[in-house]
Amino acid sequence: MKKHLLGLILLLFSAFTANKATAQSVPNFNTSLNINCLTVKGEAGGKYTWDSCATVEWFLNIPGTNTYTSIFKGRFLNTTIKAGTYNLCAKLVNTCTKFDTVICKSITIKACNCTLESSFTYTVDCKKVKFLAKSNLTGTTYTWNFGDNSDAKGTDPTHTYLKEGIYKVCLTAIWKDSTGSACTTTVCKEINVTCGKPCELKGDFTFGSGRNGEMRFLASSNTGFYYTWNFGDGTTAKGKDPIHKFTKAGVYTVCVTIVDKLEKCKITICKKVEIGNPCKLTGNFTFKQVNDSTFSFLASASTTSTYLWNWGDGTTSTGKDPRKIYSKPGTYTVCVKIYSITSKCFIYVCKKIEVKAAINKTPCVWPSNITIGYSNTCNKYFFELTNLSNVDSCITYSLGLYNMKTGKLEPLASVRTASATIADTGSYAIIGKYMNKCTGCDTQVYKIFKVTCTPTTTPCNWSKASFGYGNKCNIYTFEAANLGIAPCWKYQFKVGNSTGSTTLLPAGRVATYEFKSTGYYQVCAKFLDSCNKCDTWVCKTIYVDCTPCAATAGFTVDSVATNGRMYLKNTSTKSGSYLWSFGDSTFSKDKTPSHTYAASGVYTVCLTTYDSTGKCSSTYCYTVKVVKSRMKTSSNAVNTIEEKVYPNPAQSGFWIETGNTEYYEYQVFNLTGSMIRNGASNDKLWINTNDWAEGIYQIKVIHNNGELNTHSILVNKR
């Protein structure tokens, strides 16, 4: 039995945080929102949003998922969002200032619980038009836009246009629902403002069958001259009496557009045309109700065919004999599209079924994102329902496992989470029930999954077989769990892509692989116990979203003179712009700058290069020691304490290590010169950078003896 299985694709949000050049303060970028029923309006503000280098894009995320959907581009957001709770994020990229950041806010959209039927009528008297608004609710206010950059308020305004023409008039009705929330709806019509005679064009068309399955059409009108046809199957024609042959059976909406000779008047007439079966294909289906919410189906056809099912609840599947579980009671129209492989044509067969699950007396409004998640190790599964207890203390849960092979339902637990060890392979459905004990209503959700793994009968225990991974852009390092010592245990990784090809990595518990392009990949680790002669594979799907930047930073230090002057040679490639940090809180944007240090010391020189688009960068750092000439009588010490700041570049943080236990203070500055962190210690110190933007930072270390050392460090999270 073929089953339709749903898969989940996890998208990473790393694109929001990539290529950040500097850490910025909040006043540089902010957002404001206005939520009115299902309408959300927003504005992105701040000094970095106003110039021509700035772009703003808005994204929507369902909390608890890694999926972010782009819904709008531009500073001013104006869109409609269905009811629910979301994270609304605005991303600002300013290519001139290298500013790239994201602001997210949690919003709750509530649908207005009233329905307004609003429309309007109008009367044209030359250029003077009288309007009248209508609705089914009292207390409604109206705002008009007359389509000529003028507007008005009221139920029945009169407007005089300056010239004749076609205008799009829009009426916006504003009212309050039973909760007191403001609701709006807008209806628009195109009106013809004219002082001449009204258009009196009228028309119609007839049709009938001809030879070889052809259909003949004939249009008629009082003043029509041009005729354009749309046959509803993707084809068109011109003329008063075309002949058309439909290649497939079905019901088509055929329309003819008639235009008068002066091309001032136009009308369109549409009719439903039912076309019989052109290839004599016959088919049908039967169904059997297994329980209140589950049905089994069996389709048949006169020739070799394929089958596509539409279950009437927004879901589809394929196969000749599928089984369907409905999550809600009701009457559904089930249709199967039967496609003849030999005759290259299809027919539809539809029937209505009634799902007799218990209907709640008290209606409940359930969140749109309730679902069931699951994970497994071989045949051991763990299930989890969406947690609603933090929203409503009245909610209770239950879980059940349905065997689609035997038709048996096994209750698992009357809680939100449950586990099960499944003894047989095949298709199963995990069914979750949400119950509101305060209102007495409930709802069900389900998810179909396939069990393909049975427990191993070998003496090996694979419960701890797993692997982790980390990456630097597109270079990934994989490490398998250490299950034992040599010589019994062997390990090996393999990488597969969407085309089905597989790359076997060198044997070992740790392996490195460089991905050439972005996309989804399946990475598997093989665990082999040669002593017990058993093995297993553990696989994970990862998404690679980083490719190396075309720009490559590089330079050499030719020499450092005794006067503190440093001579550089820029060896970067494919770079469009440059940013130098000399380690003494000074910077340059020249391609090959010159620099003179004011004092002796050890300095970290970093060069960041950007590609021609300015959207990706590469950084190279080199440490130089500067010893300036001084008088013999000078008693000033040069770097008597040389602390270490590492690793460089840093990802999640870095260490400050002085090599002694003397008291010292530290200060951290970003490229704008703002101090973002300071403190003191007398020991090795870890500085966490998880909440820092990518870029170069200056660290000043002030020792108890007054000595000041400066370091530059690159924070790179890729």
Side-chain angles (χ1 to χ4, degrees), residues 6-11 13 33 35 37-38 40 59-69 71 80-89 104-114 177-181 291-294 313-315 325-330 355 357-376 381-402 409-420 428-449:
L6 300 178
L8 297 179
I9 299 177
L10 301 180
L11 299 180
F13 191 52
L33 299 175
I35 301 174
C37 287
L38 302 179
V40 179
F59 297 83
L60 200 64
N61 160 255
I62 298 176
T65 71
N66 289 324
T67 301
Y68 287 79
T69 304
I71 61 172
T80 299
I81 303 174
K82 67 179 182 180
T85 299
Y86 307 89
N87 293 320
L88 181 60
C89 301
C104 294
K105 295 181 179 180
S106 177
I107 63 171
T108 298
I109 308 298
K110 295 182 179 179
C112 302
N113 60 352
C114 60
D177 65 4
S178 59
T179 66
S181 300
N291 53 42
D292 283 345
S293 59
T294 305
D313 61 351
T315 63
I325 301 174
Y326 284 91
S327 59
K328 296 180 180 180
V355 179
I359 301 176
N360 302 308
K361 295 181 179 179
T362 305
C364 286
V365 179
W366 298 97
S368 60
N369 61 337
I370 57 174
T371 186
I372 306 175
Y374 69 88
S375 61
N376 73 296
Y381 279 73
F382 176 81
F383 306 99
E384 182 175 6
L385 284 164
T386 303
N387 186 8
L388 301 182
S389 60
N390 58 351
V391 179
D392 192 340
S393 60
C394 298
I395 303 299
T396 60
Y397 313 84
S398 66
L399 285 161
L401 183 66
Y402 179 74
L409 178 65
E410 176 188 359
L412 295 182
S414 297
V415 290
R416 194 173 61 85
T417 61
S419 59
Y428 292 81
I430 179 66
I431 303 174
K433 188 174 184 180
Y434 295 81
M435 294 156 286
N436 190 319
K437 61 184 179 182
C438 300
T439 61
C441 60
D442 57 51
T443 190
Q444 286 187 351
V445 295
Y446 75 95
K447 189 166 291 184
I448 298 175
F449 62 96

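Just so it is clear, the structure is predicted and the values come from calculations on it, not from any experiment.
- At least one side-chain heavy atom of Ile431 sits under 4.5 Å from a side-chain heavy atom of Gln444.
- Aromatic ring orientation, Tyr374 versus Tyr381: tilted (interplanar angle from 30° to 60°).
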Could you check Phe449 against Phe383 for ring pair (Phe, Tyr, Trp, His ring centres under 6.0 Å), going step by step and ending with a plain yes or no?
CA-CA 12 Å; Phe449 62 96; Phe383 306 99; 5.7 Å; yes
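- In this structure, Ser327 and Val445 have side chains that are not in contact, with every pair of non-hydrogen atoms separated by 4.5 Å or more.
- In this structure, Thr85 and Ser106 have side chains that are in contact, with non-hydrogen atoms separated by less than 4.5 Å.
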Assess whether side-chain contact (heavy atoms from CB on, under 4.5 Å) is satisfied between Lys82 and Ile109, documenting all intermediate values.
CA-CA 7 Å; Lys82 67 179 182 180; Ile109 308 298; over 6 Å; no
Check the pair Leu33, Lys105 against side-chain contact (heavy atoms from CB on, under 4.5 Å), reporting the backbone distance first and the verdict last.
CA-CA 9 Å; Leu33 299 175; Lys105 295 181 179 180; 4.2 Å; yes
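- Looking at heavy atoms from C-beta onward, Ile62 lies out of side-chain contact with Thr67 at the 4.5 angstrom threshold.
- A distance-only check finds a donor-acceptor pair linking the side chain of Lys447 to the backbone of Ile372 [under 3.5 Å].
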Please assess Leu60 against Leu88 for the test side-chain contact (heavy atoms from CB on, under 4.5 Å), listing each intermediate value before the final yes or no.
CA-CA 5 Å; Leu60 200 64; Leu88 181 60; 3.9 Å; yes
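- The nearest pair of heavy atoms linking Gly400 to Ile430 is O-CD1, 3.2 Å.
- Using a distance-only test at 3.5 Å, with no hydrogens or angles considered, no donor-acceptor pair links the side chain of Thr443 to the main chain of Tyr434.
- Using a 4.5 Å cut-off on side-chain heavy atoms (C-beta onward), Thr294 and Tyr326 make no contact.
- Residues Tyr446 and Ile448 have side chains in contact (heavy-atom distance under 4.5 Å, counting atoms from C-beta outward).
- Here Asn61 contributes atom CG and Asn87 contributes atom CG; the two are 4.5 Å apart, rounded to the nearest 0.5 Å.
- To the nearest 0.5 Å, atom SG of residue Cys89 and atom CZ of residue Phe59 are 8.5 Å apart.
- The structure places CG of Asp442 at 4.0 Å from NZ of Lys433, a figure rounded to the nearest 0.5 Å.
- The main-chain N or O of Leu385 is found under 3.5 Å from a side-chain atom of Arg416 such that the two form a donor-acceptor pair.
- Closest approach of Leu399 to Gly432, counting heavy atoms only: CD2-CA, 3.9 Å.
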Is there a side-chain contact (heavy atoms from CB on, under 4.5 Å) between Asn387 and Tyr397 once you walk through the steps?
CA-CA 9 Å; Asn387 186 8; Tyr397 313 84; 3.6 Å; yes
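- By the 4.5 Å heavy-atom criterion applied to side chains, Thr108 and Tyr86 are not counted as neighbours.
- For the pair Val40 and Thr80, the minimum side-chain heavy-atom distance is 4.5 Å or more.
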